[in-house]
Number of protein chains: 2
Amino acid sequence: MTKILQRNLYREVADRIGDLIEHGELSPGERISEKQLCEKFGVSRTPLREALKVLATEGLIELLPNRGARVVRLTFKKVKDTYDLMAALEGLSGELACQHITDKEITAIRKLHNNMLEHYHQHDLKAYFELNRQIHEGILAASKNEVLQEMYSNLSQRVKRVRYSKKMTQAFWDQAVKDHENMINALEKRDSQLLGQILRDHLCNKLEVATLAGVIEDEAPDEGHSVVNA
Amino acid sequence: MTKILQRNLYREVADRIGDLIEHGELSPGERISEKQLCEKFGVSRTPLREALKVLATEGLIELLPNRGARVVRLTFKKVKDTYDLMAALEGLSGELACQHITDKEITAIRKLHNNMLEHYHQHDLKAYFELNRQIHEGILAASKNEVLQEMYSNLSQRVKRVRYSKKMTQAFWDQAVKDHENMINALEKRDSQLLGQILRDHLCNKLEVATLAGVIEDEAPDEGHSVVNA
DNA sequence: AAAAGTAATTATGAATTCAATATTAACCAG
DNA sequence: CTGGTTAATATTGAATTCATAATTACTTTT
């Protein structure tokens with residue numbers, strides 16, 4: 001049962017702006033010019049402004065009344081908070097997955113896992129990360145909780161642009177693989193509590209947060225006052 | 001440091017539509033007429049349509065391309081999924097609160113708790129619920145995690161309209177109060193793990209889900225095809 | 001009378017236009 | 001020059017207009 005994908009112009013525009021933010025083509029704190037983006041995308045201001053409103057509720061940009069939109073500045077605290085949340089959601093996904101996962105799904109994830117192990121042994125970090133992502137996504141899907149999946153993917157979106165964990169020490173990597181081994185085992189035993197615990201503690205997040213401490217510039221409060229949607 | 005409240009027209013409209021949904025003045029599955037709402041609120045279609053887009057990303061309504069907006073149908077599963085998520089978030093809020101709460105905040109919550117106990121002894125359910133809400137909100141605030149607070153309040157919004165847990169047996173009530181006693185104790189001892197556990201298991205959610213089983217009409221799949229934002 | 005097809009109506013999607021606010025530039029006094 | 005005031009410009013906020021798709025009503029046909 002594949003869902004029909006809704007393609008509104010505003011959604012299209014929102015996604016493309018999201019990409020621009022993710023790839024750093026729109027800088028944090030930088031004012032987003034409506035006119036400029038309209039020309040870039042070849043759309044009028046109406047769908048563009050709708051997209052901005054959506055992106056604001058998704059937490060990617062902020063709207064300052066009468067002063068335009070700007071990309072949210074990712075402070076270290078904000079990223080840390082987001083990761084804390086994601087860890088909790090991953091934990092929940094693990095618990096629920098154990099309750100709802102089918103044998104077929106377990107087989108598929110085991111397969112991904114074995115595949116990932118190969119890349120690990122070949123030191124192919126990029127391929128490893130991709131499989132790693134697919135495994136976590138698979139568990140999330142197996143939770144059969146769509147609200148959870150939606151929330152998680154939103155949070156993931158928000159921090160994507162700093163998610164380039166370049167330096168990964170061998171020790172960290174070894175530990176991550178061990179975690180994954182335990183995860184699969186817990187999943188096959190359908191041990192909710194255990195899998196939940198492993199995923200909550202899985203160092204993937206913690207590692208990234210740790211390395212991020214250096215990456216993120218926590219500079220002077222800002223230009224533009226602190227404003228919040230109400 | 002009180003934040004400046006942003007009052008855009010679209011946000012205002014979105015909130016008012018949210019109220020209509022919460023109070024059942026817009027029925028689930030019912031098509032939302034733009035023109036009608038424009039007249040009701042005295043605004044043009046532009047801000048109204050912006051509001052609809054925002055409400056869709058907030059999960060309160062669905063937009064069917066070229067076929068308008070309708071209020072999301074709350075199936076039992078959807079509500080159950082949402083409560084599972086909220087329980088996990090409450091658990092996290094408890095853990096974080098223990099780490100970050102100030103003595104002053106603890107005192108304030110203890111005060112709310114004592115106040116709540118009085119209403120409990122006087123069998124004033126309404127006042128009890130209000131204090132109950134304030135306590136949970138206080139813990140959430142004490143977590144000092146704004147992303148968490150934002151997510152929680154969004155989830156809460158989604159299920160508000162079925163949150164009228166009218167029948168509350170004395171046994172349930174007694175247990176809830178005991179839970180709360182334990183919560184406050186854990187908080188004062190700053191026992192993260194314990195408070196997290198209590199909040200995750202707190203029957204408030206489970207109770208409501210249980211009673212809801214009867215309240216929600218899980219009817220025929222629907223008119224209008226299953227469409228999802230992409 | 002029922003079904004199918006077509007025209008008329010209505011609603012939505014998006015661009016344009018108008019109004020209000022903020023930003024920049026120009027000007028002047030100290 | 002520097003600081004402040006006012007005018008000019010540009011940008012955002014919201015209403016209107018135009019275009020397109022869906023729904024309804026009405027024929028027409030069997």
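Every chain is numbered from 1, with letters handed out A, B, ... down the list of sequences. Below, each value reflects all heavy atoms present in this structure, side chains not excepted, and no hydrogens, waters or symmetry copies.
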**OP:** Give the rounded distance in Å between these two atoms: CG of A/Leu63 and C1' of C/dA22.
**Re:** 16 Å
**OP:** Would you mind reading off the distance between B/Leu52 atom CG and C/dA11 atom P, rounded to a whole angstrom?
**Re:** 15 Å
**OP:** Taking salt bridge (charged side-chain N to carboxylate O under 4.0 Å, His left out) as the test, write out the residues that go with A/Arg45, two or more places apart.
**Re:** A/Glu34
**OP:** To the nearest Å, give me how far apart CG (A/Leu37) and P (D/dT12) are.
**Re:** 10 Å
Original post:
With sequence neighbours left out, what residues match B/Arg31 under side-chain hydrogen bond (donor to acceptor under 3.5 Å, both in side chains)?
Top reply: none
**OP:** Would you please name every residue forming a ring pair (Phe, Tyr, Trp, His ring centres under 6.0 Å) with B/His113, sequence neighbours left out?
**Re:** none
When the side chains of residues 138-145 of chain B are checked against the rest of the protein, which donor-acceptor pairs come out under 3.5 Å, sequence neighbours left out?
from     : atom 1 : to       : atom 2 : distance (Å)
B/Ser143 : OG     : B/Leu140 : O      : 2.6
B/Ser143 : OG     : B/Asn145 : N      : 3.2
B/Lys144 : NZ     : B/His100 : O      : 3.0
B/Lys144 : NZ     : B/Glu105 : OE1    : 3.1
B/Asn145 : OD1    : B/Val147 : N      : 3.1
B/Asn145 : OD1    : B/Leu148 : N      : 3.0
B/Asn145 : ND2    : A/Asp81  : O      : 3.2

Subject >> Pairing residues for B/Ser27 by the side-chain hydrogen bond (donor to acceptor under 3.5 Å, both in side chains) criterion, not counting sequence neighbours >> reply: B/Glu30
Pick out the pairs of N or O atoms, protein on one side and nucleotides 12-14 of chain C on the other, that lie under 3.5 Å.
from   : atom 1 : to      : atom 2 : distance (Å)
C/dG13 : OP1    : B/Asn66 : N      : 3.0
C/dG13 : OP2    : B/Arg49 : NH1    : 2.8
C/dG13 : OP2    : B/Arg49 : NH2    : 3.2
C/dG13 : N7     : B/Arg45 : NH2    : 3.0
C/dG13 : O6     : B/Arg45 : NH1    : 3.3

